[in-house]
Visitor: 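One structure, as structure tokens, below. Some questions next.
Atoms within each ligand, like the ligands themselves, are counted from 1 in listed order.
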Amino acid sequence: MKYSDLCEVYERLEATSKGLEKTKILAEFLGKIKNEPQIIYLIQGRVFADYDERILGISQQLAIKAISKASGINEEGIVKEFKKIGDLGKVAEKLMQNKKQSTLFSEKLTSQKVLANLQKLSTLEGNGTVDKKMGLIIELLNSASDKEAKYIIRTVIGDLKIGIGSGILRDSIVEHCFSPENIEKKREKSEEVQSAYDTTTDFAEVFEKTCKNKLKEISLSPGRPVKVMLFPKAENIEDAFRITGKPAAFEYKYDGFRMMINKDENGHVKIFTRRLDNVTNQFPDAVKYVNEYVNAKSFIIDCEAVGYNPKTKEYMPFQAISQRIRRKYDIERLEKELPIELNVFDIIFCDGKSLIQEPFKKRRELIEKVIKQQKFKIVLAKQIITSDEKKAEEFFDKALEEGQEGLMAKNLEAPYKPGARVGYAVKIKPKGNDFDLVITGAEWGNGKRAGWLTSFDVSCRNGKELLEIGKVSTGLKEKEKEGTSFMELTKILKKLVIKEEGKHLQVKPEVVITVQYQNIQKSPSYSSGFALRFPRFKMLRPDRGINDIATIQEVEREEEKER
Ligand code: AMP
């Protein structure tokens with residue numbers, strides 16, 4: 001397919017903010033890429049499947065250099081334009097337009113070529129990488145029209161701005177492949193396609209299989225990350241029983257972080273967080289534990305890794321071990337200083353067989369069978385099965401006494417639904433005044449703090465839409481050694497800048513933090529319609545992504561409760 005045809009669709013998608021219209025445009029377009037399903041990645045603003053961890057590694061600076069080389073305009077000129085326009089794609093469009101007036105160019109660029117060059121970016125390593133990467137981008141820019149240049153640059157820097165999330169993509173596949181005649185049918189097919197996506201996290205494969213009527217062939221495959229099942233919140237034990245039915249399994253809700261540990265037929269272990277980041281290298285201890293103490297050839301187990309103090313053997317809150325998730329060096333030392341215990345609570349694949357359709361009680365029986373428990377290495381989540389509210393309350397108190405977060409209540413008959421927040425299990429926590437939110441903007445500090453970002457705009461979500469709810473400027477440390485510092489957060493956010501306006505930056509919504517607050521007020525100052533009073537940074541949540549942040553409905557509920 002010609003890249004210009006794809007760009008025309010990008011333009012149409014960008015021109016409307018209405019989900020239904022976008023779905024219609026895409027559904028029609030999908031017919032043209034049946035034989036090239038990977039073009040779907042470009043529509044997502046990516047070049048690989050969602051589960052694929054390879055990154056292009058192109059900073060804004062490098063993109064500016066590439067535009068400069070391709071357009072013949074010096075870098076300062078480009079930075080100046082960027083400050084004015086605020087969108088590097090549009091800058092490329094404008095500058096290439098000037099150039100193209102004097103050059104002859106033919107409409108030869110194909111989407112496959114764009115995909116191939118951009119995919120190559122992630123494979124380059126070692127000496128001369130930067131030049132080679134630039135070469136690949138410049139090659140594309142040189143054969144691109146001005147419009148094409150805009151979308152190439154946007155894709156390269158990971159900000160396509162056409163507003164296509166996984167919901168719209170799913171709906172367009174349903175629309176294109178089934179043209180459902182009524183709402184019932186539409187819902188049924190949406191669920192099938194969504195479930196296939198949550199299992200593979202690869203829209204190209206889902207599209208291809210849906211077209212060929214082979215959705216049923218989609219299955220789990222250890223080594224390829226699968227989305228974790230999510231849990232809604234119950235107000236209390238009674239509410240939990242109402243959702244799960246009686247009897248229910250109650251388990252400790254451990255205060256650590258989620259790990260999906262995969263072992264394939266060839267014995268390779270891979271560990272993913274709930275945002276599908278591969279953290280295998282950071283956790284050689286976990287790899288060792290599953291190799292030694294899980295008696296199965298291949299599996300996918302779902303567990304919570306909890307930190308403990310190696311000297312006192314006391315469990316520690318997530319905060320204390322969170323640095324292990326991102327740390328790429330000193331792994332051995334961290335492994336000793338911040339050891340973890342795996343608390344296994346589910347298994348969804350074992351010895352060549354998917355178990356997601358099996359009832360929870362069967363899956364629990366299986367982990368009891370295949371896992372050889374070793375205190376402080378790998379254990380099963382503590383569990384009781386009861387219909388008695390009092391017994392559950394006592395168990396709840398015990399969990400809190402032992403420093404855990406609360407309880408999970410689980411429906412014994414329920415299957416496992418990757419990616420879905422269904423009431424097959426619910427969490428019960430004591431009321432805590434904090435939310436996980438995503439940073440969407442930041443502001444440079446003054447005086448002593450000049451050079452650091454010192455105030456952070458935080459947002460919750462309504463579906464896919466992000467809504468601001470406050471500004472956080474306290475709780476971070478001045479010095480790096482004392483915990484998360486302004487400097488550390490500045491370093492992280494500087495890589496995510498989308499737009500700069502005076503002292504204010506708009507950043508890609510990728511950094512999730514826990515924010516404590518005193519109370520919530522209705523407020524016209526923020527797009528959510530609410531403001532957190534006295535918001536305070538509590539911790540970074542590198543294991544969580546944008547889908548894990550608080551929803552506006554949760555905020556509303558908390559605000560109502562406070563009244
Ligand atoms: P929340 O992070 O508040 O949405 O709570 C859900 C999280 O609790 C899960 O994603 C797990 O990381 C964690 N968790 C801790 N213990 C358990 C357990 N026994 N069963 C399921 N999830 C658990």
Side-chain angles (χ1 to χ4, degrees), residues 225-235 240 243-244 248-261 271-277 279 286 301-307 315-319 321-322 325 340-348 360-361 363-364 367-368 371 378-385 392 395-396 398-400 402-412 414 416-437 460-461 512-515 538-551 553-554 557-558:
V226 49
K227 289 210 176 169
V228 298
M229 178 157 73
L230 299 166
F231 313 108
K233 201 163 150 188
E235 291 304 321
I243 301 169
T244 60
F250 287 85
E251 292 176 359
Y252 276 19
K253 181 178 189 309
Y254 296 95
D255 183 12
F257 69 96
R258 190 111 175 227
M259 272 187 179
M260 273 290 216
I261 308 185
I271 305 177
F272 298 100
T273 64
R274 64 195 260 174
R275 54 184 278 177
L276 309 186
D277 290 331
V279 291
I301 56 176
D302 199 353
C303 61
E304 186 85 350
V306 186
Y315 290 107
M316 300 198 292
F318 166 76
Q319 212 165 342
I321 52 156
S322 70
I325 299 177
I340 50 156
E341 176 181 66
L342 303 176
N343 288 264
V344 182
F345 53 80
D346 220 325
I347 185 162
I348 57 172
F360 174 62
K361 63 181 180 205
R363 304 198 306 272
R364 170 78 190 194
I367 45 177
E368 285 173 6
I371 291 174
I378 183 168
V379 294
L380 301 183
K382 267 195 197 144
Q383 188 194 71
I384 60 165
I385 293 176
F395 197 54
F396 185 57
K398 209 162 139 232
L400 296 182
E402 289 183 24
Q404 302 306 342
E405 275 194 317
L407 288 186
M408 303 294 303
K410 301 186 174 181
N411 178 332
L412 290 163
Y416 190 99
K417 264 206 150 208
R421 197 179 289 277
V422 276
Y424 295 162
V426 290
K427 55 194 179 196
I428 315 156
K429 285 202 272 191
K431 187 178 158 31
N433 285 357
D434 59 39
F435 283 129
D436 285 346
L437 300 167
C460 59
R461 69 185 175 92
V512 175
I513 61 174
T514 305
V515 177
K538 188 169 163 200
M539 61 177 143
L540 281 175
R541 288 289 337 197
D543 58 325
R544 300 195 171 194
I546 200 161
N547 292 328
D548 301 316
I549 63 174
T551 61
Q553 291 78 14
E554 282 166 346
R557 237 178 289 138
E558 287 301 321

Visitor: Do the side chains of E405 and K427 get close enough for a salt bridge, i.e. N-O under 4.0 angstrom?
Guide: no
Visitor: Where is the nearest protein heavy atom to atom 9 (C) of ligand 1: which residue, which atom, and how far?
Guide: R258 NH1, 3.5 Å
Visitor: Pick one of side chain, backbone, both or neither for how K410 approaches ligand 1, counting any non-hydrogen atom pair under 4.0 Å.
Guide: side chain
Visitor: Are R274 and D543 ion-paired here, with the side-chain N under 4.0 Å from a carboxylate O?
Guide: no
Visitor: Could you verify whether a donor N or O on one side chain and an acceptor N or O on the other, from Y252 and E304, lie under 3.5 Å apart?
Guide: no
Visitor: Which of the numbered atoms in ligand 1 are under 4.0 angstrom from any heavy atom belonging to Y252?
Guide: 16 (N), 17 (C), 18 (C), 19 (N)
Visitor: For a quick test of reading the model, state the closest non-hydrogen atom pair linking A409 to I428 and the distance between them.
Guide: CB-CD1, 4.2 Å
Visitor: Indicate the atoms forming the closest heavy-atom contact of F231 with V426, along with that distance.
Guide: CB-CA, 4.3 Å
Visitor: Please could you name the atoms of ligand 1 that E304 approaches to less than 4.0 Å, counting only its heavy atoms?
Guide: 11 (C), 12 (O), 13 (C), 14 (N), 15 (C)
Visitor: Decide whether the shortest distance between a heavy atom of R544 and an atom of ligand 1 is less than 4.0 Å.
Guide: yes
Visitor: List the atom of A550, the atom of C460, and the distance in Å for their closest heavy-atom pair.
Guide: O-CB, 3.2 Å
Visitor: Any atom of ligand 1 sitting under 4.0 Å from a heavy atom of Q404?
Guide: no
Visitor: Might you point out which heavy atoms bring A399 and G406 nearest each other, and give the distance in Å?
Guide: CB-O, 3.6 Å
Visitor: Identify which one of R258, K361, K417, R363 satisfies the salt bridge (Lys or Arg N to Asp or Glu O under 4.0 Å) criterion when paired with D346.
Guide: R363
Visitor: Looking at atom 1 (P) of ligand 1, what's its closest protein heavy atom, distance included?
Guide: K427 NZ, 3.3 Å
Visitor: Looking only at protein heavy atoms, identify the closest one to atom 8 (O) of ligand 1 and say how far it is in Å.
Guide: K253 NZ, 3.2 Å
Visitor: For ligand 1, is there an atom lying under 4.0 Å from some heavy atom of E405?
Guide: no
Visitor: Taking only heavy atoms of K429, which atoms of ligand 1 are found under 4.0 Å from at least one of them?
Guide: 3 (O)
Visitor: Looking only at protein heavy atoms, which one is nearest to atom 15 (C) of ligand 1, and how far off is it?
Guide: Y254 N, 3.2 Å
Visitor: Which residue and atom name correspond to the protein heavy atom nearest atom 22 (N) of ligand 1, and how close is it?
Guide: F345 CZ, 3.4 Å
